Amino acid sequence: MSASPQAGPSSKGQAGADPYSIPLEKIDVADSELFETDTHWGYFERLRKEDPVHYCAESEFGPYWSVTKFDDIVTVEKNPEIYSSARSIVVGDPDPRFPLEAGFITMDGPRHDAHRKAVQPALSPRNLKRLEPLIRERVTEILDGLPVGETFDWVDRVSIELTTGMLATLFDFPYEERRRLTFWSDMATASPEMVGATTATSEEREAALRECLAFFTELKEKREGEAPGERLDFVRLIANDADMRNLSPLEYLGTLILLIVGGNDTTRNSISGGVVALNEYPAEYQKLRDDPGVIPNMVSEIIRWQTPLAHMRRTATRDTELAGKRIEAGDKVVMWYVSGNRDETAIERANEFWIDRPNAKRHLSFGWGVHFCVGSRLAEMQLRILWEEILARFREVEVVGTPERVRSNFVKGFHRLPVRVHARS
Ligand code: HEM
């Protein structure tokens, strides 16, 4: 397959077409163009209604099943012995030229549990409490530096700055070099083979990831034997954990990438997605101004609404049945969170952005079960602090141009979001 950044996968002609005009069996929701053009909604709606567990026989990623309803996704999540994470957690398989494991998110059973446990202390409520003042300080600095009344790119100036700064803290990474983390994260997820993204060649990706490994190997060597400081960080935890300090270089790289990507694209796109949603729903924006107490609830609603990771994939370990469909051992089973989060049979007024939604935490954006996002509280805290500080300064963050969306069926988000901020009068 071509890895040329220009060519990319050719258009299948689904984007912009009437989702009901295409034969059901031909629908391929892994087509990245649908996400770049924000035209996937109708396809998922049709699948939820007509064929909730849908087989796509031909796609650039080979055959795969799509699970599109909330309850069926939960069933897959709750049965990890049938639906394994081991081969890949995205619709495509790893690039055979550079088969990078994505850390413990691509493991099952006790090995997964041990690795997850080793890094969890950095994301525990206690550690997060210690981090809160630093996050607020960084948010304040970023927001105070914005050019009030002028057009600028929210993604670059706020979403990336904030999440990257946070990651640098979690890795105890040199703060002034933090944009390297953004670069490595972007490279790790820009795989045409795995998610249909077309922003980098395999060679470019490999070079970037090798550089990432070299940097972190040196950092780990420095941290070995060092007691964790006041604030716990990932590299010290890994360097001093009995199980994890002897990971092979590729396993170590996979774990780093998991932690970098996990905390980067996702939170970044929730920060941008919240601005887009509030602009699309001005009455909700007014509700927020009238009652900032709604922020914690709104944060959950933003994360549901945006669904920063459109899917996770599992591989069937044996023949099984799901919602009346026969799934065979080895089949790819893709859980479309982006669809489950809009399932009207599970979520009231699922297609509306509703900041004081009752039970807002009941969404699929963080997954479910043993792999449930280990960084969920950190993401929620970052967003909460950000919106508290935005409200303290600005009457509005106004979207003033068309948002540019990422061409990927996995990372659901924005490259660019032109905005203007207006001071409180
Ligand atoms: C809004 C922000 C975030 C979203 C939407 C998100 C989403 C997800 C999803 C969908 C999963 C897989 C769940 C499953 O398979 O059931 C996951 C796992 C994970 N996330 Fe997040 N995440 C976010 C923020 C973060 C942050 C800030 C970090 C920390 C650095 C992080 C680290 C991880 C890790 C390490 C895993 C693997 C957990 C495991 O396999 O046990 N995530 N996340």
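In what follows, every heavy atom counts, from backbone to side chain, and hydrogens, waters and symmetry copies are set aside. Whatever order the structure lists them in is the order used to number ligands and atoms, beginning at 1. Small disclaimer: the values here were computed from a predicted structure and weren't measured. We count residues from 1, following the sequence as given.
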Going by salt bridge (charged side-chain N to carboxylate O under 4.0 Å, His left out), name the pairs with one or both residues in residues 272-288, residues two or more places apart or in two chains. E284-K287, K287-D356
Distance filter under 4.0 Å to P308 heavy atoms, resulting ligand 1 atoms: 5 (C)
Nearest non-hydrogen atom to atom 10 (C) of ligand 1 belongs to which of G103, G369, S365? S365
Does the cation-pi check pass for R210 over F215, that is, NZ or CZ under 6.0 Å from the six-membered ring centre and within 45° of its axis? no
Which of the numbered atoms in ligand 1 are below 4.0 angstrom from a heavy atom of W368? 16 (O)
Tell me which part of L258 gets within contact of ligand 1: side chain, backbone, both or neither, using heavy atoms under 4.0 Å. side chain
Below 4.0 angstrom from a heavy atom of F104, which ligand 1 atoms are there? Numbered from 1 as shown, please. 35 (C), 37 (C), 38 (C), 39 (C), 40 (O), 41 (O)
Using the six-membered ring of F414, assess whether NZ or CZ of R416 lies under 6.0 Å from its centre and within 45 degrees of the ring axis. no
Within the 4.0 Å heavy-atom cut-off, what M107 brings close to ligand 1 is neither
Yes or no: does R314 have any heavy atom under 4.0 Å from an atom of ligand 1? yes
Examine K220 relative to Y252 and say whether NZ or CZ is less than 6.0 Å from the centre of the six-membered ring and inside a 45° cone about the ring axis. yes
Quick check on R349: does its CZ atom have over 12 non-hydrogen neighbours (other residues, nucleotides or ligands) under 6.0 Å away? yes
Sub-4.0 Å heavy-atom approach of I89 to ligand 1: no
Would you indicate whether E81, at its atom CD, is surrounded by more than 12 heavy atoms from other residues, nucleotides or ligands within a distance under 6.0 Å? yes
Closest protein heavy atom to atom 11 (C) of ligand 1, given as residue, atom name and distance to 0.1 Å: M312 CE, 3.8 Å
One finds that the ligand 1 atoms under 4.0 Å from a non-hydrogen atom of V370 are 41 (O)
So if I count the atoms of ligand 1 from 1 in the order they appear, which ones are less than 4.0 Å from some heavy atom of E77? 14 (C), 15 (O), 16 (O)
Provide the number and element of each atom of ligand 1 under 4.0 Å from a heavy atom of L259. 30 (C), 35 (C)
Per-atom filter on ligand 1: closer than 4.0 angstrom to a heavy atom of T267 are 2 (C), 27 (C)
Validate the cation-pi geometry between R342 and W305: distance from NZ or CZ to the six-membered ring centre under 6.0 Å, angle to the ring axis within 45°. yes
Just heavy atoms, cut-off under 4.0 Å: does H311 contact ligand 1 by side chain, backbone, both, or neither? neither
Ligand 1 to Q382 polar contact by distance, N or O atoms, under 3.5 Å: no
Quick check: closest heavy atoms across M381 and L128, and the distance to 0.1 Å? CE-O, 3.3 Å
Min heavy-atom dist S270 to ligand 1 below 4.0 Å: yes
Got a sec, which pairs hit side chain to side chain donor-acceptor pair (under 3.5 Å) with one end in residues 269-279, sequence neighbours left out? S159-S272
Rounding to 0.5 Å, atoms NE2 (H40) and NZ (K412) come to a distance of 5.0 Å
For atom 21 (Fe) of ligand 1, which protein N/O/S atoms fall under 2.8 Å? Skip waters. C373 SG
May I ask you to decide whether E321 forms a salt bridge with K325, counting only side-chain N to carboxylate O separations under 4.0 Å? no
Location of contacts on Y337 toward ligand 1, heavy atoms closer than 4.0 Å: side chain
Which pairs with one or both residues in residues 373-382 pass side chain to side chain donor-acceptor pair (under 3.5 Å), sequence neighbours excluded? K361-E380
Tell me which part of H371 gets within contact of ligand 1: side chain, backbone, both or neither, using heavy atoms under 4.0 Å. both
If you draw the axis of the six-membered ring of Y175, does the NZ or CZ of R138 fall within 45° of it and under 6.0 Å from the ring centre? yes
Between D156 and R179, does any NZ, NE, NH1 or NH2 come within less than 4.0 Å of an OD or OE carboxylate oxygen? yes
If you measure from the Lys or Arg side-chain nitrogens to the Asp or Glu carboxylate oxygens, is any gap between D241 and R236 under 4.0 Å? no
Any idea which part of H112 is under 4.0 Å from ligand 1, heavy-atom wise: side chain, backbone, both or neither? side chain
